[in-house]
Amino acid sequence: MTSVKSDFLRLLTERRYIHQCTDLEGLDALAAEKAPFAAYIGFDATAPSLHVGSLVQIMMLRRLQQAGHKPIVLMGGGTTRIGDPSFRDESRPLLDDARINANLAGIKRVFSKFLTFGDGPTDAVMVNNDDWLSGLNYIAFLRDYGRHFSVNRMLSQDSVKIRLDREQNLSFLEFNYMILQAYDFVELAKTYGVRLQMGGSDQWGNIIQGVELGRKAADLQLYGLTSPLITTASGAKMGKTANGAVWLNEDARSPYDYWQFWRNTEDGDVGKFLRLFTELPEAEVARLEALQGAELNDAKKILATAATTLAHGQDAAEAAAETARKTFEEGAAADTLPKVAVEVGAGVPVYELLVKAGMAASNGEARRLIKGNGVRLDDVAVTDEFAKVTTLGSTGTVKLSAGKKRHALIVAG
RNA sequence: GGAGGGGUGGCCGAGCGGUCAAUGGCAGCAGACUGUAAAUCUGCCGACGAAUGUCUACGUUGGUUCGAAUCCAACCCCCUCCA
């Protein structure tokens, strides 16, 4: 990768956001011009919130805006009704329209945290591809655009290879996904002057189809840029934890849990995550990344607070950091921990508390957890699986812990 | 339409009339060691119950049998070959 001239690509390169680009020099020249250009990333509405798996993409749009260009957020209201088969070994159940619309509403909220929306030349804009896809005329579409797609070519895409190799059914419906995504790109190029589509590396094939369609059908010079798939140092896909996916919406995962997710980053990922998910200066990242042993924990805290600030705001991030500090470093029961209100009465079995606190899925699981020596009340191990809490003591609260990391406060209720 | 193969717990994958809540692996949870890390080792891993136990589960619905994930029938879905 030769040296790039534009602020945008220099930033993305330095921060390791780039996996592949259709034409790095051409894009660099475009980005180096004074006038802002528009770029987009599409997000399908498969869940009520986006999770950290989409965070690289969100950050790329943010970086684009910081570099003085215009981010377009494409909501996949239309394409979600098809379902992207890329790198999936089987089709997903189709979502109904009500579900999709509810998901869209949830997903939209996160973008306001990362981007500035408005009417200005570099303000972000949100559009929905259902607006132009749902009204397409089939025959006209096939004649105008369908003729530019080669089935031979599409069948050779890596993204559908898994499905074909495993002899899993790939329906014609799903097969059309890449065509519609390509059409989206051209549509956005025509109406918003979009020149670049970004996305995860799994979107490369779909993006190229769009770039080529632009050239063949509309004589447009379009660009594609993908980010690397983010895995942890030990090889796992990023973003899965005990509590499931790491959602970006506050109502799906609390800022405290979100902070904890980043705090528990593996050693080998600290530098990578600081670059991708925070805006600390490169020199500071290099310093933090070089810390050794237990000192790396300081870097992880900085990472956690910085990343949480972006998603949930500074106040929430600092509150989360403080809750964690009290809980883990002082061993105190920070009163900002999740609370479980109970009627103590004649005594409540500890296993019931665990279930109420969401630390166990069933009474049986809760009791096993106790038997396995994993439960503590105010830091005293519970040894009897049928132990009961009979009093909340003078403070009126008892700290309930499942393992070393999961804590809740029991309060009268 | 014809012939054949297949659908098992979150995933992969054994089982092929009783001893099967179902081997094994992965994932997950907990313990030990540590640094709220990784790796490693150990335990747990359907629900309910204090418990002998009860209930729900092997695509769906029926049947055979004292007894079925295992046999039979019909149906649904997937795959391969032929048309």
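Letters A, B, ... are given to chains in the order of the sequence lines, protein chains preceding strands, and every chain is numbered from 1. When reading the values below, keep in mind they use all heavy atoms of this one structure, side chains included, and skip hydrogens, waters and symmetry mates.
In this structure, Thr265(A) reaches the sugar-phosphate backbone alone: every heavy-atom distance under 4.0 Å involves primed, P, OP1 or OP2 atoms, never a base. When heavy atoms are screened at a 4.0 angstrom cut-off, Ala324(A) is found touching base atoms of the nucleic acid. Here Trp262(A) lies out of heavy-atom contact (under 4.0 Å) with every strand.
If you take atom P in rG18(B) and the same atom in rG63(B), they sit 22 Å apart, rounded to whole Å. Taking the P atoms as reference points, rU61(B) lies 23 Å from rA22(B), given to the whole Å. Comparing the same atom, P, in rG46(B) and in rC20(B) gives a spacing of 15 Å after rounding to whole Å. For the C1' atom pair drawn from rG49(B) and rU60(B), the interatomic distance equals 32 Å after rounding to whole Å. Separating the P atom of rU36(B) from that of rA27(B) is a span of 24 Å, rounded to the nearest Å. The gap from the C1' atom of rU65(B) to that of rG13(B) amounts to 30 Å, rounded to the nearest Å. When the P atom is used for both rA39(B) and rC26(B), the distance is 13 Å, rounded to whole Å. For the C1' atoms, the distance from rU64(B) to rG17(B) is 11 Å, rounded to whole Å.
The interatomic distance linking Asp267(A) (CG) with rA37(B) (C1') rounds to 4 Å, in whole Å. Glu295(A) places its CD atom 17 Å from the P atom of rA37(B), with the value rounded to the nearest Å. At whole-Å resolution of the value, CD in Gln292(A) and P in rA37(B) are 17 Å apart. Going from atom CE of Met359(A) over to atom C1' of rC45(B) covers 19 Å, rounded to whole Å. For the pair Tyr351(A) OH and rA47(B) P, the computed distance is 14 Å after rounding to whole Å. Atom C1' of nucleotide rC78(B) and atom CD of Glu174(A) are separated by 13 Å, given to the nearest angstrom. Atoms CG (Asp269(A)) and P (rA37(B)) sit 14 Å apart, rounded to a whole Å. Between the CG atom of Leu354(A) and the C1' atom of rC44(B) there is a distance of 15 Å, rounded to whole Å.
The side chain of Arg406(A) places an N or O atom within less than 4.0 Å of a non-bridging phosphate oxygen (OP1 or OP2) of rA30(B). Applying the 4.0 Å criterion to OP1 and OP2 of rG35(B), one finds that Lys405(A) has every side-chain N and O outside that range.
Remark: Arg195(A) is not positioned above the aromatic ring of Tyr223(A), lacking an NZ or CZ atom under 6.0 angstrom from the ring centre and at most 45 degrees off the axis.
Checked for salt-bridge contact, Arg325(A) and Glu322(A) meet the test: a charged N lies under 4.0 Å from a carboxylate O. Ionic pairing of Glu282(A) and Arg275(A) is present here: one or more N-O contacts between side-chain nitrogen and carboxylate oxygen are shorter than 4.0 angstrom. Comment: Asp267(A) engages Lys300(A) in a salt bridge, judged by a side-chain N to carboxylate O separation of less than 4.0 angstrom.
Phe37(A) and His69(A) have tilted rings, their planes meeting at an angle from 30° to 60° on a 0 to 90° scale.
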Pairing of RNA chain B as dot-bracket, 5' to 3': ( ) intra-strand, [ ] crossing, | other strand, . unpaired, with Watson-Crick or G-U pairs under 3.5 Å? ((((((((.[[[..)..(.....]]].(((((.......))))).(((....)))...[[[[[..)....]]]]]))))))).
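Using modelled atom types and a 3.5 Å distance limit, the side chains of Gln203(A) and Asn206(A) yield a donor-acceptor pair. In this structure, a donor-acceptor pair under 3.5 Å is absent between the side chains of Tyr183(A) and Asn176(A). Looking at Thr116(A) and Asp123(A), their side chains never bring a donor and an acceptor atom within 3.5 Å of each other.
If you find the closest nucleotide of RNA chain B to Ala402(A) and to Gly293(A), the one lying nearer the 5' end belongs to Ala402(A). Mapping Glu329(A) and Phe386(A) onto RNA chain B by nearest heavy atom places Glu329(A) at the nucleotide closer to the 5' end.
One distance of note links OG1 of Thr226(A) with CD1 of Ile208(A); it measures 9.0 Å at 0.5 Å rounding.
Taken residue by residue, residues 361-385 of chain A places heavy atoms nearer than 4.0 Å to RNA chain B at Ser362(A), Asn363(A), Gly364(A), Arg367(A), Arg368(A), Leu369(A), Gly372(A), Asn373(A), Gly374(A).
Taking the centre of each ring, Trp247(A) and Tyr258(A) stay at or above the 6.0 Å mark. Between Tyr192(A) and Tyr40(A), the gap from one ring centroid to the other reaches at least 6.0 Å.
At a cut-off of 3.5 angstrom, counting only N and O atoms as typed in the model, there is a donor on one side and an acceptor on the other between the side-chain of Lys404(A) and the base of rU34(B).
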